[in-house]
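Worksheet for the structure shown next.
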Number of protein chains: 2
Amino acid sequence: MFGSAKKQGPTKNRRADLSELTELQVWITSPDSECDGYPALTSDESYELSVDQPVAVLKAPKVWGALHGLETFSQLLYEDEFGAKNINSTMISDFPRFPHRGILLDSSRHFLPIKVILANLETMAWNKFNVFHWHIVDDQSFPYLSRTFPQLSQQGAYHPYTHVYTPADVKMVIEFARLRGIRVVPEFDTPGHTQSWGKGQKDLLTPCYTGSKPSGTFGPVNPILNTTYDFMTQFFKEISTVFPDGYVHLGGDEVDFTCWKSNPDIQKFMEQQGFGQDYKKLESFYIQKLLDIVTTTKKGYTIWQEVFDNGVKLKPDTIIHVWKGNKQQYQNEMANVTSSGYNTLLSTPWYLNRISYGQDWQGVYRADPQDFEGTEDQKKLVIGGEACLWGEYVDATNLTPRLWPRASAVAERLWSSKDVTDIDDAFNRLSVHRCRMVARGIPAEPLFSSFCPREYKGI
Amino acid sequence: MFGSAKKQGPTKNRRADLSELTELQVWITSPDSECDGYPALTSDESYELSVDQPVAVLKAPKVWGALHGLETFSQLLYEDEFGAKNINSTMISDFPRFPHRGILLDSSRHFLPIKVILANLETMAWNKFNVFHWHIVDDQSFPYLSRTFPQLSQQGAYHPYTHVYTPADVKMVIEFARLRGIRVVPEFDTPGHTQSWGKGQKDLLTPCYTGSKPSGTFGPVNPILNTTYDFMTQFFKEISTVFPDGYVHLGGDEVDFTCWKSNPDIQKFMEQQGFGQDYKKLESFYIQKLLDIVTTTKKGYTIWQEVFDNGVKLKPDTIIHVWKGNKQQYQNEMANVTSSGYNTLLSTPWYLNRISYGQDWQGVYRADPQDFEGTEDQKKLVIGGEACLWGEYVDATNLTPRLWPRASAVAERLWSSKDVTDIDDAFNRLSVHRCRMVARGIPAEPLFSSFCPREYKGI
């Protein structure tokens, strides 16, 4: 994607001592290259790259490391003043600090055309991200075209034909991602954030009441009906086959109890179950059953931190996704989650939908997911983090420059050693990297007053 | 630019009572249409549009009003569910509230490729903006290729060939703008904001001193040398011929006195002139001479508010551009400027480079340039305002979605009657208008969760 190497020379005395780099050999050193498989949380992503005349050698145990090494090789190339491609002699032994380095995109608040998703997967690969967390549906719209329940998008998408992801679209996204070493983890968030589900699936949501009468509006998924669990069983069976990744994200955040409280059938159920007025117990009742359903599909699951906070019983391999609070609060949460023995992902400092004037990438860069009070064993339970670009104010018109190069700061934090923290150094490298993305056709926005040798050609 | 009208019908009973609109007649009613001229501050932009079967008639005294009327006509068209174009019967009599409705783009902090400038001129026309304030050079770079002083861009541009505006480029921008009823007002800001000028023009800037020795750095334009004024005379003579508009923006903002204070020659000059330690007097001395030079080129001038604040003697037709302070401060400034009898432009509430999370267009929309304590005569001196998109964090990658549709809120404030202020109403119209811009190929960002029938096709 970056053109090939033509010239090679040591850093000093370059023009006087040119020599050709004639070949880049790529060796995958394990018996199973995993070329035909999917990347996973446990994938080996390491590689070693040696550039020396006349041959460069890239060695990696698996294809995933080889992909990263090829990307690194392309980034080592530079043009001299005559436009010739150069690369310096080097020896690199590289591997990620964290195995889960994700980006969340939200295709519900605004529909994201496939073209935008693919362009950003490509850019993720340039930044060595390896998880696309696809927050595919939410209150506002249901663009996922389900084979089992086609009425969900027929009724719940912004438009049933132009604003949906067909099975072929989803397949294309997954394969495009796989070829770049990126996992696709879909999120189907319940029981809250489901307004759009209710349009195509009768009785799935809780009818809200005003006094003794249904108000005509609906709340979270109705947790007291058997039909709800029948639906979820069928739905997540489909999801488990459509999305090959070992994990699915089940959401579980921000459940508003107002509607449940208003509904006399829910009230009766609460009484029967002995939940008193504690609606967190009802929420946990639902989540518990949902987790059991998803477990039968042989998937692991990730859930937003509220599910943990509410004390739901979780499988030991559950991943708790931390997203709330200020710095002290999320650090406390990371400490609590890991002291309970769960794997965790951090997103709080990386809500890139939040914008402010100036160089906010610096705060993004300074955050560290292992920066909390805890033992070494606790720290090991931090499997990485995700940059989140929630979609209320983002669609195809502004997604890409809002995400890049700010997400690149997250990428480095999650890949490089803990001690790579010099902000001036990062500024310089990030500036070069953003111009690299621009030269490759991606509208990554500037960090500050500057120019790129090749400016963005679009508008 | 929007396709032509096919069907026409009254608002009620549309499907039952279709009739064809066969023709749009455009009448320019003055003897001089001004078709071959340039738009000006005093141009008549009014028009009347009557749509009724079988003929629509657009009447305007001048071509400028006709252009606005054609734009309005295109925006009255809508598609029915079968994709057929419709327009309702209507009678419109329309004219702007303010004659100066501008957008400032900054091509110095980042170079803006011509393509981006043209795309935004086009979008300005859709929003009935009529002034492109081209902040073309500044400290960071000097992309304007001067025929008289080619070394200015040769040395001062980010790149002497790829990051410059040639005479042909400038001509193209001016003509593209003229055809859309848009004036191009260039800004050549002095004596501050001129670091890039110094690279190609020896002795133009003030040498700064550390103790008794020149430090090697430079400050504002050197106001004590005759060569400075010789240079400015030649330079602005060129500018006056290259840019046909009746006005040039001369800047005059944010002059830092540190360097002047350090320089022994400047100190001596201050003494000779009896300025004491009041460097504002030296600044005014420079500006005074500059204004006299520009006056000989037969141009009017706009200056940033500091020049007025510092008490420089100004021609009665000078335009004072207000940009500083909080709401109370800019309202006081507007009151002071107009009570002194000067025309004024407001920009303070419309610094669109400043961004924040959420619907910040609402604050933009609520600001009103005549909202200050003053007489009716004072209010009449407010000729309009400008949305400013300073370039520190903006280039071709993110300029367009950052500007639109937020600038559309400014456009409506400056065009429509003072009493058009309903924010919910504005939200609904602005949402439709932003999808219109998207459908026309411009990445105008969303206001909130929503969709457009035709989403942006780029990335």
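Chain A forms more heavy-atom pairs under 4.5 Å with one residue of Thr162(B), Val394(B), Thr397(B) than with any other, namely Thr397(B). Note on Pro401(B), Ala396(B), Pro446(B): by heavy-atom pairs under 4.5 Å with chain A, the leading option is Pro446(B).
Proximity to chain A (any heavy atom under 4.5 Å) is shown, for Val116(B), by both the backbone and the side chain. Using a 4.5 Å cut-off between heavy atoms, Arg402(A) touches chain B through its side chain atoms alone. Contact of Pro113(B) with chain A is made through the side chain alone, with heavy-atom distances under 4.5 Å. The contact between Leu447(A) and chain B is made entirely by backbone atoms, counting heavy-atom distances below 4.5 Å. For Leu399(B), no part sits under 4.5 Å from any heavy atom of chain A, backbone or side chain. For chain B, the nearby part of Thr400(A) is the side chain; its heavy atoms alone come within less than 4.5 Å. For a residue to count as touching a neighbouring chain, one of its non-hydrogen atoms must lie under 4.5 Å from one of that chain's; by this rule Asn353(B) touches chain A with backbone and side chain alike. For a residue to count as touching a neighbouring chain, one of its non-hydrogen atoms must lie under 4.5 Å from one of that chain's; by this rule Ala444(B) touches chain A with the backbone only. In this structure, the portions of Glu445(A) lying under 4.5 Å from any heavy atom of chain B include both its backbone and its side chain.
The side-chain heavy atoms of Pro443(B) and Asn398(A), taken from C-beta on, include no pair separated by under 4.5 Å. Side-chain contact between Tyr357(A) and Glu392(B) is present, with at least one heavy-atom pair separated by less than 4.5 Å.
For the pair His163(B) (side chain) and Pro453(A) (backbone), a donor-acceptor distance under 3.5 Å is absent. In terms of modelled atom types and a separation under 3.5 Å, the side chain of Lys115(B) and the main chain of Ile459(A) share no donor-acceptor contact.
Interatomic distance, CZ of Phe111(A) versus OG of Ser450(B), reported as 13.5 Å (0.5 Å rounding). For the atom pair CZ (Arg434(A)) and CG (Asp395(B)), the distance works out to 4.5 Å, reported to the nearest 0.5 Å. Rounding to the nearest 0.5 angstrom, the gap separating the OG atom in Ser449(A) from the CG atom in Asp138(B) is 8.5 Å.
Heavy atoms from other residues, nucleotides or ligands lying under 6.0 Å from CZ of Arg454(B) number 12 at most.
The aromatic rings of Phe451(A) and Tyr158(B) sit parallel to each other, their planes meeting at less than 30°, with 60° as the upper class boundary.
No side-chain donor from either of His110(B) and Glu455(A) sits under 3.5 Å from a side-chain acceptor of the other.
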